[in-house]
Amino acid sequence: MNPFQKNDSKETLFLPVSTEEVPPRPPSFPEKPSPKICGSNYPLSIVFIVVNEFCERFSYYGMKAVLTLYFLYFLHWSENTSTSVYHAFSSLCYFTPILGAAIADSWLGKFKTIIYLSLVYVLGHVIKSMGALPILGGQMLHTVLSMVGLSLIALGTGGIKPCVAAFGGDQFEEKHAEERTRYFSVFYLSINAGSLISTFVTPMLRGDVQCFGKDCYALAFGVPGLLMLIALVVFAMGSKLYRKPPPEGNILNQVVKCIWFAISSRFKNHSGDNPKREHWLDWAAEKYPKQLIMDVKALTRVLFLYIPLPMFWALLDQQGSRWTLQATRMNGNLGFFVLQPDQMQVLNPFLVLIFIPLFDLVIYRLVSKCGINFTSLRKMAVGMILACLAFAVAAAVEIKINEMAPHQPDSQEIFLQVLNLADDEVKVTVLGDENNTLLAESIKSFQNMPHYSKLHLKTKSQNFHFQLKYHNVSVYTDHSVEEKIWYTLIIREDGESISSMMVKDEENKTTNGMTAMRFVNTLHEKVNVSLGTDASLIVDEDYGVSAYRTVQRGEYPAVHCRTKKEDFSLNLGLLDFGAVYLFVITNRTNQGPQAWKMEYMPANKMSIAWQLPQYALVTAGEVMFSVTGLEFSYSQAPSSMKSVLQAAWLLTVAVGNIIVLIVAQFSGLAQ
């Protein structure tokens, strides 16, 4: 993952890319001897910084792990809207570092900036958790609280992003550059450790704990908020140990003015009367000091290389949106463990923790022994190629999922299934307008039909004539249907004869990895079914048909039901990922009411394990592309612009998320 974020991107910077060295500056703050760890050259103060980063990243990634599903199933937004808001939030988290860097470098300094914006961060978590309480107002209030909370979180996490890593680097003396490099590796690992644990734990808090009868989003958001509070307390505890360099002045403003003055001077003197300058920034020499111009030159050389970065982040950040949505259409049962769709994101930080030492200690050394000069730019290029391959694999998986999914009725088509609840076989014949036979089949009592039958219409809506032959009685009835809809014809006993009713099944598609069900009640009184959700499901008497209800995948051996006269339990068995079931409540034996089960739609067939190759490829790309950059962002930047350069790197992440947002909202693509 990245030093500043996980699913949402991994921020880092690369190694030196220019042969022109920026002259080192002496530290602008007095040297303060700092206690060391066990006699080493590592300042004791970095322990507080690393622990703070672990807790803060736990807080951020834990909240983001369940954010997309919160939008989908708590706020009931569409997939495109959920994806767009997710990436808009991610983008905002990477625009605010510009503000944090400006505050730290020109006003408060890094330490106070981290403290004050962490307080804003905690407040955002509190408001976000309140927006996930079902008892607190309606959907409009939940939406407003969520947007306010996410805005404050974006300001807090983005504002401290460019400060924390650089503040840790400030704790080292220049003569301990090697230890500082190792510190950045440990810092990066702490980010991924926090992300790894939180991405695994918070989906469990959401799905395995029930709050107010539903998934516990309030707890899944509240626990990360508590970790952010702990992060703030831990960071403040080390206050007396820190070396706190004073702010350098409004360097960002100086940089912008210097660049603007150089450009305007260059165009004002384009006639050729003035001697040529070696570099276009040298046109600012009339107004700005040489050292500032040298610093800006170093800055622009690095910024030029940032141009292609947004596309990498646009790919990497979709692990928390599109890849999570893809996982909802797959089967999370691995045999020894059942994974929730949003838990697949845990693969990224887990693989990062494996790949960083693997690449550093094995792969890069083997490449070096083969005589290949594997420079930083080459590592980044290979990382981009691996990200492309990851999405090629993701596309192949998506194509396979679509092939396995049930086909949808096209224009002037319907899908029809017949459910015979009579006590004997019924022969069903479907006739068109010209009495031509469209479908004829004999269906036994409570026969489990293996599939829907496709019927063609002449117009968008049409009447079908049904002939139902039961014993020696023929019953004729008409039913009107509309194109592109799934139907179930339910046949029931009606005295000594039979009757039928047509039920729409257009809602029987699940795309969220949950399972959907509906009930038909053959009893002579209403049945109240308790599914452990926010409200009971009431099924009317005498062949009443309920609405669909979605529940988590799992075993349901004893679902409590109630009528006016008695309480009883129904054994629904295993309800699998993505499947749709119909349960008929009957009382045909002396064992009391029972549920007859029919699978409308099969469970998701493709295992979620097929996402492993794409996660492995994109994580390997991330390690090669971004991990080497953290230390570079500190060591290569001029001392007055360390936070500015990190903020600029994070800005490329914001642009990458905007790319995803635009594609999701405005591309017009069905997929």
Side-chain angles (χ1 to χ4, degrees), residues 405-422 425-470 474-494 497-511 515-522 537 539-550 575 578-586 595-603:
H407 295 289
Q408 303 297 316
D410 292 328
S411 298
Q412 297 188 2
E413 286 182 354
I414 67 163
F415 286 172
L416 176 67
Q417 184 172 240
V418 181
L419 176 60
N420 179 14
L421 302 183
E425 182 176 308
V426 176
K427 183 177 181 181
V428 179
T429 304
V430 183
L431 303 173
D433 288 339
E434 301 173 356
N435 284 331
N436 54 314
T437 300
L438 302 177
L439 176 68
E441 55 186 345
S442 295
I443 303 171
K444 296 178 181 178
S445 176
F446 285 84
Q447 178 179 339
N448 219 328
M449 300 301 293
H451 56 79
Y452 282 80
S453 299
K454 181 191 296 184
L455 299 180
H456 294 275
L457 312 182
K458 291 186 176 180
T459 58
K460 291 184 177 181
S461 61
Q462 182 178 330
N463 279 337
F464 280 146
H465 311 292
F466 291 82
Q467 178 185 2
L468 310 176
K469 192 168 184 180
Y470 172 70
S474 291
V475 177
Y476 295 89
T477 184
D478 289 349
H479 291 289
S480 178
V481 295
E482 299 175 3
E483 64 177 359
K484 298 183 178 181
I485 294 179
W486 307 66
Y487 289 95
T488 296
L489 180 71
I490 299 178
I491 301 173
R492 50 169 289 190
E493 294 180 24
D494 191 359
S497 183
I498 56 174
S499 62
S500 65
M501 56 183 177
M502 188 75 84
V503 179
K504 285 185 179 181
D505 292 337
E506 72 270 22
E507 298 175 43
N508 68 352
K509 302 181 290 293
T510 59
T511 57
T515 192
M517 69 179 80
R518 75 189 320 178
F519 291 84
V520 176
N521 177 20
T522 67
L537 188 63
V539 194
D540 289 334
E541 69 275 13
D542 295 324
Y543 296 90
V545 181
S546 75
Y548 279 100
R549 182 60 57 85
T550 55
L575 306 183
V580 183
Y581 300 96
L582 173 73
F583 292 97
V584 181
I585 303 174
T586 64
W596 178 78
K597 180 180 182 180
M598 184 176 78
E599 190 177 72
Y600 266 165
M601 289 283 184

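Side chains are part of it too, since the values below use all heavy atoms of this structure and drop only hydrogens, waters and symmetry mates. Note that the numbering runs from 1 along the sequence shown for the chain.
With sequence neighbours excluded, the residues that form a ring pair (Phe, Tyr, Trp, His ring centres under 6.0 Å) with His479 are Phe466. Applying the ring pair (Phe, Tyr, Trp, His ring centres under 6.0 Å) test to Tyr487 and every residue at least two apart in sequence or in another chain returns nothing. Residues satisfying the side-chain contact (heavy atoms from CB on, under 4.5 Å) criterion with Asp478, sequence neighbours excluded, are His465. Partners of Tyr581 according to the ring pair (Phe, Tyr, Trp, His ring centres under 6.0 Å) rule, which considers only residues two or more places apart in sequence or in another chain, do not exist here. Scanning for side-chain contact (heavy atoms from CB on, under 4.5 Å) contacts around Glu425 gives Ser442, Lys444, with sequence neighbours left out. Every residue two or more places apart in sequence or in another chain that forms a ring pair (Phe, Tyr, Trp, His ring centres under 6.0 Å) with Phe415 is listed here: Trp486.
Proximity of a side-chain donor or acceptor of Ser546 to a complementary backbone N or O of Phe519 within less than 3.5 Å is detected. Put simply, the side chain of Ser445 gets close to the backbone of Ala422: a donor and an acceptor are under 3.5 Å apart. Between the side chain of Asn420 and the main chain of Ile443, a donor-acceptor pair closer than 3.5 Å is present. A side-chain donor-acceptor contact under 3.5 Å links Thr522 to the backbone of Ile585. Side chain of Gln462 to backbone of Lys458: a donor-acceptor contact under 3.5 angstrom is found.
Looking at every heavy atom in both residues, Phe583 comes nearest to Lys597 through CE2-CG, 3.4 Å. Of all non-hydrogen atoms in Ala547 and Arg518, the two that sit nearest each other are O-CB, 3.7 Å.
Residue Glu483 holds its CD atom at 6.5 Å from CD of Gln412, rounded to the nearest 0.5 Å. Atom CD1 in Ile498 sits 11.0 Å away from atom CG in Leu421 (nearest 0.5 Å). To the nearest 0.5 Å, atom CG of residue Asp505 and atom CD of residue Gln417 are 7.5 Å apart. To the nearest 0.5 Å, atom CD of residue Gln467 and atom OG1 of residue Thr437 are 8.5 Å apart. Annotation: the span from Met449 atom CE to Leu582 atom CG amounts to 13.0 Å, rounded to 0.5 Å. We find the CG-OG distance between Leu489 and Ser453 to be 11.5 Å, quoted to the nearest 0.5 Å.
The closest side-chain heavy-atom distance from Met598 to Val584 is not below 4.5 Å. Taking 4.5 Å as the limit, every side-chain heavy atom of His407 sits out of range of all side-chain heavy atoms of Glu413.
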(request) Carefully, step by step, assess Val428 and Ile491 under the rule side-chain contact (heavy atoms from CB on, under 4.5 Å). (result) CA-CA 10 Å; Val428 179; Ile491 301 173; 3.7 Å; yes
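Each of Ile414, Thr477, Leu416, Leu431 was checked for a side chain to side chain contact (heavy atoms under 4.5 Å, CB included) with Phe464, and the lone residue meeting it is Ile414. Screening Val539, Val503, Thr488 for a side chain to side chain contact (heavy atoms under 4.5 Å, CB included) involving Val545 leaves a single residue, Val503.
Relative orientation of the Tyr600 and Tyr548 rings is tilted, given thresholds of 30° and 60° on the angle between their planes.
Classification of Arg492 and Asp542 as a salt-bridged pair fails, no side-chain N sitting under 4.0 Å from a carboxylate O.
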